[in-house]
Every structure is written in structure tokens, then in C-alpha cells.
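These numbers were taken from a predicted model, which means no experiment stands behind them.
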Amino acid sequence: MALRLANTPALRSTARLLVRQHPMGLVKIHSSVAQSNAIATHKPDRLHGSYHWDIERAASLALVPIIASQLTYGASPVTDVLLGVVLPVHLHIGWDACITDYFNARKSVFLNKLMTGTLWVSTTGVLVGCYQFNTNDIGLTEFISKMWA
């Protein structure tokens, strides 16, 4: 019975196809065939990749001692400036990741550009507002202290 099944045409052609196919990893790693340059790749950008990840982690980690020093030592111009720069940068990176995830440039070009432009305008506005609040008013750290009290 097993001999008859092995000789059927459909099974033989399927077996030939399986023998001819190679695992994709082995073909890519050990292939001696020249790769085609038909695949479009983008130029590596310093702000998208490992540098982007490092900036994001640095901004997140920098917020911990800034807020801790504000709570420990009270309001000061140094913590005002640091908080007024690092917090908007941290928020910008987080919102940029949300826009990239939910409004992908490949699927919705217009919405991606609109949301990214809105993010840049609002981040610039927040930075200018933090500067104005720190120089012309009580400052961010004093404001946070009064909000907690």
C-alpha cells in the first residue's frame, strides 16, 4: 500500500517541490547568487535607530533626578531650565512614537504629515511657553510645588 502512494503523480510532484525548496535563512546566508539591487532601501538616519533609542532613554532617565532634586531642594532656576527642556523632549518622543504606530506614513500619508506637523508646532509652543513661564513668572518647579501643596 505504501508503495502505491509513493508512485502517485500528485505525491511525486509535491515531494519534488519540497526537495527543491531551501529554508530561507540558509539561502540568504549561504547563497552564492548575487543579490539584486531592485529592493529600495532608505538611507540610514542618525535620529531613527539606535541614536533615537539612546535619546529617548536619556530623556526618560534624566527626568528622575530632575524631579527628585526639585522635591528635595525646592525650586531653582537650574531645575526650571532642565525640566522645561527635558520634559517637552520626552513628551515629543512619546507622541512621535504614537503617531508612527497609529498613523503610518505608508497607509495614511496625509494624516501622518498632519499629525507630525501638529506635533512639531505644539512641541515648539510648549518649549516657548516653558521659557516664558520660567523667565517671566514663578518657574515650573515653584509652580509644581504650589500645585502639590
Side-chain angles (χ1 to χ4, degrees), residues 10-149:
L11 205 55
R12 276 185 281 164
S13 63
T14 305
R16 283 187 202 135
L17 283 174
L18 289 175
V19 169
R20 280 190 228 155
Q21 291 179 350
H22 300 288
M24 291 304 290
L26 292 176
V27 172
K28 288 182 178 178
I29 294 171
H30 299 293
S31 178
S32 61
V33 179
Q35 295 287 332
S36 172
N37 289 336
I39 299 172
T41 58
H42 61 84
K43 182 180 174 186
D45 190 8
R46 292 178 62 168
L47 294 178
H48 292 89
S50 64
Y51 292 111
H52 179 77
W53 176 257
D54 291 342
I55 292 170
E56 181 179 355
R57 294 295 105 204
S60 299
L61 289 175
L63 283 173
V64 175
I66 291 170
I67 293 172
S69 68
Q70 185 265 335
L71 293 173
T72 305
Y73 300 116
S76 75
V78 174
T79 54
D80 282 341
V81 170
L82 290 174
L83 194 62
V85 172
V86 175
L87 188 61
V89 167
H90 174 72
L91 292 171
H92 178 87
I93 291 171
W95 281 109
D96 186 42
C98 291
I99 290 170
T100 302
D101 289 344
Y102 295 109
F103 299 100
N104 194 342
R106 294 182 194 151
K107 293 182 181 177
S108 56
V109 178
F110 176 74
L111 276 176
N112 181 280
K113 289 186 182 200
L114 177 71
M115 298 295 260
T116 304
T118 304
L119 176 67
W120 279 101
V121 168
S122 61
T123 301
T124 304
V126 168
L127 284 169
V128 169
C130 287
Y131 172 75
Q132 292 293 327
F133 195 74
N134 284 335
T135 56
N136 299 328
D137 209 344
I138 60 175
L140 288 174
T141 54
E142 184 68 30
F143 177 71
I144 292 171
S145 297
K146 286 186 177 185
M147 290 296 291
W148 280 97

Spacing of [X] atom [atom1] and [Y] atom [atom2] [to the nearest 0.5 Å]:
X      : Y      : atom1 : atom2 : answer
His92  : Glu56  : NE2   : CD    : 11.0 Å
Phe133 : Glu142 : CZ    : CD    : 9.5 Å
Phe103 : Leu111 : CZ    : CG    : 6.0 Å
Asp96  : Thr100 : CG    : OG1   : 4.5 Å
Leu119 : Leu91  : CG    : CG    : 9.5 Å
Ser76  : Leu82  : OG    : CG    : 8.0 Å

Measure across Ala62 and Val86 and return the closest heavy-atom pair with its distance rounded to 0.1 Å.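 Smallest heavy-atom distance, with atoms named: CB-CG1, 4.2 Å.
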
Compare all side-chain heavy atoms of [X] with those of [Y] and state whether any distance is below 4.5 angstrom.
X      : Y      : answer
Asn134 : Pro77  : no
Leu87  : Leu63  : yes
Thr135 : Tyr131 : yes

Examine distances only and state if a side-chain atom of Asp80 and a backbone atom of Thr141 form a donor-acceptor pair shorter than 3.5 Å.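 Side chain of Asp80 to backbone of Thr141: a pair is present.
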
Please check this pair: side chain of Asn104 against backbone of Arg106, looking for a donor-acceptor N/O pair closer than 3.5 Å.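 Judged by distance alone, yes, a pair lies under 3.5 Å.
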
Are side-chain N/O atoms of Gln70 and Ser145 paired as donor and acceptor at under 3.5 Å?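 Judged by distance alone, the side chains do pair up.
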
Above 12 or not: heavy atoms from other molecules or residues under 6.0 Å from CZ of Phe143?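 No, CZ of Phe143 has 12 or fewer neighbouring heavy atoms, counting only those of other groups under 6.0 Å.
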
From Val128, Leu83, Val126, residue fulfilling side-chain contact (heavy atoms from CB on, under 4.5 Å) relative to Pro88: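 So, applying the side-chain contact (heavy atoms from CB on, under 4.5 Å) to Pro88 and each of Val128, Leu83, Val126, only Val126 qualifies.
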
Can you name the residues that form a side chain to side chain contact (heavy atoms under 4.5 Å, CB included) with Thr116, not counting sequence neighbours?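 In terms of side chain to side chain contact (heavy atoms under 4.5 Å, CB included), with neighbours along the sequence ignored, Thr116 is linked to Ile99, Asn112, Trp120.
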
For Val85 and Cys130, what are the C-alpha separation, side-chain angles and deciding distance, and is it a side chain to side chain contact (heavy atoms under 4.5 Å, CB included)? CA-CA 8 Å; Val85 172; Cys130 287; over 6 Å; no

Between Thr72 and Ser69, is a side chain to side chain donor-acceptor pair (under 3.5 Å) present by the stated rule, with each step listed? CA-CA 5 Å; Thr72 305; Ser69 68; over 6 Å; no

